[in-house]
> 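Have a look at this one before I ask anything.
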Amino acid sequence: MSQRIGLLGGTFDPIHYGHLRGALEAAECLGLDELRLIPSARPPHREQPGATAGQRLEMVRLAAQGGCGLRVDDRELQRDRPSYSVETLESLRSELGDTVTLYMILGWDAFGGLPGWHRWEELLELSNLVVLQRPDYDPELPEVLKDLLAARSVSDPAGANAKAGQIICLSQTPLAISATHIRQLVAADRSPRFLLPDAVLDYIENHGLYRP
Ligand code: ATP
């Protein structure tokens, strides 16, 4: 069987247990050989992050040291332009070849915004999509995504073996954790401990991140 690689991109401002638990459960459910965390350098769809790209990368590295075979891929920080996912997938495909099976993992909120992404319709030519439920977000999907789900969804993750083009919706342990809430807690001088790894919290405190 070909190598199965999961990709979780994000702003990770900061990385938290919602990301890490979703990644782990997706990896187990899909039998992934590898899971890469890919921090975005310049996220095109949102406000500028509170931490620099280098600080967010460092926090992702600290979180990945927690084990479970997570790898950190910093390719989006090497590009001097907005971090478009389609270009990241193209770069991975040209490096890894056509025989690997790619799974781009994203939360339900991010999936709902997909039609606004640069060249979004090409994403499924390069990778499968894995959509994680998010308990704190339940956006109504635009018609184009409802049609896409009807055409491309695979109900049994074990049957998701295509190299690209399939959509798998996973219901992992629901964790209503967001980076926004963590930044708000720090700004209000309240502790976000137990929402994110201790090593990441130590980094936030040592660098005075997210303070007003
Ligand atoms: P912010 O609150 O700053 O918008 P965030 O917590 O949504 O940040 P991102 O780095 O934007 O974190 O998310 C990266 C990816 O992880 C996105 O696809 C997002 O939907 C998904 N994700 C984030 N938090 C969770 C969660 N608690 N459960 C499932 N998926 C999540």
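We're numbering straight along the sequence, starting at 1. Hydrogens, waters and symmetry mates are skipped; everything else that's a heavy atom, side chains included, is used. Numbering of ligands and ligand atoms starts at 1, following listing order.
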> Below 4.0 Å from ligand 1: does a non-hydrogen atom of H16 turn up there or not?
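Within the 4.0 Å threshold, so yes.
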
> Determine whether N161 and Q166 make a side-chain contact, defined as any pair of heavy atoms from C-beta on separated by less than 4.5 Å.
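Contact flag for N161/Q166 side chains = no.
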
> With a 4.0 Å cut-off, would you call R75 and E95 a salt bridge?
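Judged by the 4.0 Å cut-off on N to carboxylate O distance, R75 and E95 do form a salt bridge.
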
> Do any N/O atoms on A179 end up under 3.5 angstrom from N/O atoms on ligand 1?
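Yes, A179 has an N/O under 3.5 Å of an N/O on ligand 1.
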
> Counting both backbone and side chain atoms, is some N or O of L8 under 3.5 Å from an N or O of ligand 1?
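By distance alone, the answer is no.
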
> Would you say G107 and ligand 1 have an N/O pair spaced under 3.5 Å apart?
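Yes, since at least one N or O of G107 sits under 3.5 Å from an N or O of ligand 1.
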
> Can you label the angle between the F111 ring and the W108 ring as parallel, tilted or perpendicular, going by 30° and 60°?
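The rings of F111 and W108 sit tilted, inter-plane angle from 30° to 60°.
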
> Using distance alone, with no hydrogens and no angle criterion, decide if S40 and T11 have a side-chain donor and acceptor under 3.5 Å apart.
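There is no such pair (donor and acceptor under 3.5 Å, judged by atom type) between the side chains of S40 and T11.
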
> Return the option from Q184, R134, H181 holding the heavy atom at the smallest distance from atom 25 (C) of ligand 1.
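Comparing heavy atoms across Q184, R134, H181, the nearest one to atom 25 (C) of ligand 1 lies in R134.
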
> Considering only heavy atoms of S178, which atoms of ligand 1 have at least one such atom less than 4.0 Å away?
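Those of ligand 1 that fall under 4.0 Å from S178 are 2 (O), 6 (O).
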
> With a cut-off of 4.0 Å, which atoms of ligand 1 are near a heavy atom of R183?
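Near R183, meaning under 4.0 Å from one of its heavy atoms, ligand 1 has 3 (O).
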
> Do other residues, nucleotides or ligands put more than 12 heavy atoms under 6.0 Å from the CG atom of N206?
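More than 12 heavy atoms, drawn from other residues, nucleotides or ligands, come within 6.0 Å of this atom.
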
> Contact between L114 and L123 at the side-chain level, heavy atoms closer than 4.5 Å - yes or no?
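Yes, their side chains come closer than 4.5 Å.
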
> Backbone, side chain, both or neither: what part of D109 comes under 4.0 angstrom of ligand 1, heavy atoms only?
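The part of D109 near ligand 1 is the side chain, not the backbone.
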
> Do Q3 and T101 pair up side chain to side chain, a donor and an acceptor below 3.5 Å, judged on atom types alone?
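No, T101 and Q3 have no side-chain donor paired with an acceptor closer than 3.5 Å.
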
> Using a 4.0 Å heavy-atom cut-off, which part of Q172 comes near ligand 1: side chain, backbone, both, or neither?
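Side chain only; the backbone of Q172 stays clear of ligand 1.
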
> Check R134 with D109, please: is the shortest side-chain N to carboxylate O separation under 4.0 Å?
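Answer for the salt bridge query: yes.
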
> Using a strict 4.0 Å cut-off to heavy atoms of T180, name the atoms of ligand 1 that fall inside it.
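Going through ligand 1 atom by atom, the ones under 4.0 Å from T180 are 1 (P), 2 (O), 3 (O), 4 (O).
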
> Going by the order shown, which atoms of ligand 1 are within less than 4.0 Å of some heavy atom of G10?
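Near G10, meaning under 4.0 Å from one of its heavy atoms, ligand 1 has 10 (O), 14 (C).
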
> Between Y103 and L35, is any pair of side-chain heavy atoms under 4.5 Å apart?
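Side-chain contact under 4.5 Å: no.
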
> With heavy-atom distances below 4.5 Å as the criterion, would you say the side chains of I177 and I182 are in contact?
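They are in contact (side-chain heavy atoms under 4.5 Å apart), so the answer is yes.
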
> May I ask whether D13 places a heavy atom under 4.0 Å from ligand 1?
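Not so, D13 does not reach ligand 1.
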
> Please identify which atoms of ligand 1 are closer than 4.0 Å to at least one heavy atom of G9.
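Near G9, meaning under 4.0 Å from one of its heavy atoms, ligand 1 has 14 (C), 15 (C).
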
> I need the atoms of ligand 1 closer than 4.0 Å to a non-hydrogen atom of Q133, numbered in the order shown.
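Near Q133, meaning under 4.0 Å from one of its heavy atoms, ligand 1 has 29 (C).
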
> Only heavy atoms of F12, strictly under 4.0 Å: list the atoms of ligand 1 that pass.
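In order of number, 10 (O).
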
> Give the atom numbers and elements of ligand 1 that come within less than 4.0 Å of a heavy atom of L106.
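Answer for ligand 1: 18 (O).
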
